[in-house]
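We count ligands from 1, going down the list as the structure has it; atoms in each ligand are counted the same way.
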Amino acid sequence: MRTFTDPSIFAHHTVLVRSDLNVPMDGTTITDRGRILASAATIRSLAEAGARVIVISHLGRPKGEPDPHFSLAPVAGELAEAIGRDVAFASDTVGEDAKAKVAELGDGDVLLLENLRFNPGETSKDESERREFAGQLAAFADDFVSDGFGVVHRKQASVYELAELLPHYAGSLVQAEVEVSDRLLNDPARPFTVVLGGSKVSDKLGVIDNLIARADNLLIGGGMVFTFLAALGHDIGSSLVEEEKIDDVKGYLERAEAGGARIMLPTDIVMAASFAPDAEHWVRPIDRLVDTPAGDSGLGLDIGPDTAAAYAKVIAESETVFWNGPMGVFEFPAFAEGTKTVAAALTASAPGAPADRLTVVGGGDSAAAVRALGFSDDEFGHISTGGGASLEYLEGKTLPGIDALA
Ligand code: ADP
Ligand code: MG
């Protein structure tokens with residue numbers, strides 16, 4: 001991976017910086033600025049070094065044409081605040097407005113282009129279409145700095161083809177994310193504990209597969225739990241389950257028995273009468289989950305208090321912890337306790353925790369959960385900006401956007 005330490009190599013150059021400014025929005029209000037703050041360092045350092053900086057990003061999933069719902073315009077102001085400099089905004093990607101504003105750039109100026117995915121070439125399956133769009137972007141600049149870790153697992157024009165067309169470098173965010181992921185994979189201080197939750201077991205199978213031989217403990221929470229409990233023959237009522245993954249899960253449990261990581265599963269679950277914030281709910285041991293007034297129609301929405309306490313103890317005693325995926329439906333306060341307890345055990349102030357341990361929070365929803373639950377970012381060693389990308393890295397896959405920076 002090509003990196004740089006001295007940003008002054010870019011003085012008087014026009015540099016395209018691919019950031020991941022794909023922040024969650026409610027209308028035109030940004031609900032979590034984490035990715036903007038994480039992207040600021042690279043952009044600021046280039047501008048301070050006298051580069052002419054063109055920031056490019058996507059937002060959401062528009063369908064390859066302009067769509068005001070997905071405009072990056074609201075992000076420009078927040079980015080300006082994060083870097084402490086003005087940020088100009090172009091209302092298109094490679095059109096008239098972008099061309100005019102690029103031509104106006106002076107040393108130290110920063111310009112944000114409109115959502116890359118307003119152009120079908122960005123995500124096209126057809127390589128020649130991606131190349132054409134990348135070529136139009138490349139025509140603006142002398143160099144390319146790839147800093148959008150959240151998209152490096154995608155073979156897209158601004159991530160992959162652009163690196164083929166310009167002198168390219170990894171930005172400081174991509175460098176930091178790769179360094180942390182490499183430490184988790186290859187050199188974790190032990191005990192190394194991996195905590196996995198979230199809604200779908202199928203998203204995390206690859207990570208379980210690759211980490212079962214590397215981690216000491218695998219703690220399972222969230223909606224994933226029920227595919228494991230079903231594999232063990234428990235009655236899970238109407239809880240989330242992926243029937244077609246039960247055999248994979250059985251295989252992992254066997255590998256764990258045969259000397260892999262210890263897989264810990266919940267001993268108790270918060271069962272609810274329905275999927276609603278104010279649903280009636282009961283804590284039940286895993287062999288009596290449907291023993292509630294809701295019967296078979298009850299569903300599990302959080303790990304129970306005994307489980308949360310047991311997980312917290314293992315986490316607090318670990319030298320390295322990677323956490324991806326909330327332990328329950330944390331969006332509903334009644335089902336946020338498991339996630340809160342686990343998050344607290346990962347913080348720097350967790351009682352009894354080793355002083356210099358490494359804690360990593362991966363996954364968009366997990367990062368949003370810790371902030372929504374009132375924890376501050378600096379309580380954790382590293383909060384990853386790339387959910388899918390960090391998972392794929394930990395699966396041991398080659399990521400196109402990293403490969404392209406060789
Ligand atoms: P991340 O983005 O951190 O990787 P995921 O996208 O895999 O996490 O999953 C997050 C979602 O999982 C949250 O919206 C949460 O409500 C949901 N979830 C957690 N536990 C359960 C459960 N028991 N049943 C249904 N959904 C759950
Ligand atoms: Mg998610």
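Aromatic rings from Phe322 and Phe192 are positioned such that their centres are separated by 6.0 Å or more. The distance between the ring centers of Phe4 and Phe10 falls below 6.0 angstrom.
Looking at Gly223 next to ligand 1, an N or O pair under 3.5 Å apart turns up. Polar contact with ligand 1: present for Ser366 (N/O pair, distance under 3.5 Å). The shortest N/O to N/O separation between Asp203 and ligand 1 does not fall below 3.5 Å. When only interatomic distances are considered, the shortest N/O to N/O separation between Lys200 and ligand 1 does not fall below 3.5 Å. The N/O atoms of Gly300, backbone and side chain alike, include one that comes under 3.5 Å of an N/O atom in ligand 1.
Comparing Leu391, Ile303, Val370, Val329 by heavy-atom distance to atom 26 (N) of ligand 1, the nearest is Val329.
Set against the non-hydrogen atoms of Asn324, the atoms of ligand 1 under 4.0 Å away are 4 (O). Close approach to Leu301 involves these atoms of ligand 1, each under 4.0 Å from a residue heavy atom: 23 (N). Each of the following atoms of ligand 1 lies closer than 4.0 Å to a heavy atom of Phe226: 23 (N). Of all atoms in ligand 1, numbered sequentially from 1 with element shown, those under 4.0 Å from a heavy atom of Asp365 are 1 (P), 2 (O), 3 (O), 5 (P), 6 (O), 8 (O), 10 (C).
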Query raised in the report: Going through the checks in order, is the side-chain contact (heavy atoms from CB on, under 4.5 Å) test met by Met224 and Leu196?
Result: CA-CA 8 Å; Met224 287 171 62; Leu196 294 176; 4.2 Å; yes
**Report entry** Test side-chain contact (heavy atoms from CB on, under 4.5 Å) applied to Tyr169 and Thr3, step by step
**Finding:** CA-CA 5 Å; Tyr169 307 84; Thr3 59; over 6 Å; no
Query raised in the report: Which is it for Phe228 and Tyr252 under the ring pair (Phe, Tyr, Trp, His ring centres under 6.0 Å) test, yes or no, and what are the steps along the way?
Result: CA-CA 10 Å; Phe228 279 85; Tyr252 296 139; 7.6 Å; no
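For Asp365, the N/O/S atom at the shortest distance from the Mg ion (ligand 2) is named OD2.
Residue Gly325 places a heavy atom less than 4.0 Å from ligand 1. Within the structure, ligand 1 lacks Phe332 among the residues with a heavy atom less than 4.0 angstrom away. Heavy-atom distances between Lys204 and ligand 1 reach below 4.0 Å in at least one pair.
Counting only heavy atoms of the protein, atom 16 (O) of ligand 1 lies nearest to Glu331 OE1, 2.7 Å. Looking only at protein heavy atoms, the nearest one to atom 17 (C) of ligand 1 is Ser199 CB, 4.0 Å. Remark: minimum distance from atom 19 (C) of ligand 1 to any protein heavy atom is reached at Gly328 O, 3.2 Å.
Screening Asn115, Thr123, Val159 for a side-chain contact (heavy atoms from CB on, under 4.5 Å) with His58, the sole residue that qualifies is Asn115. A salt bridge (charged side-chain N to carboxylate O under 4.0 Å, His left out) with Glu161 is found for exactly one of Arg130, Arg131, Arg154, namely Arg130.
With a 4.0 Å heavy-atom cut-off, ligand 1 is reached by no atom of Leu299.
Residues Asp302 and Met327 are in side-chain contact: their nearest non-hydrogen atoms beyond the backbone lie under 4.5 Å apart.
Checked by atom type and distance alone, the side chain of Asp143 never pairs as donor or acceptor with a backbone atom of Val15 at under 3.5 Å.
Under the 4.0 Å criterion applied to side-chain N and carboxylate O atoms, Arg255 and Asp209 are assigned as salt-bridge partners.
Scanning all heavy atoms of the two residues, the minimum distance from Leu112 to Leu21 falls at CD1-CD1, 3.9 Å.
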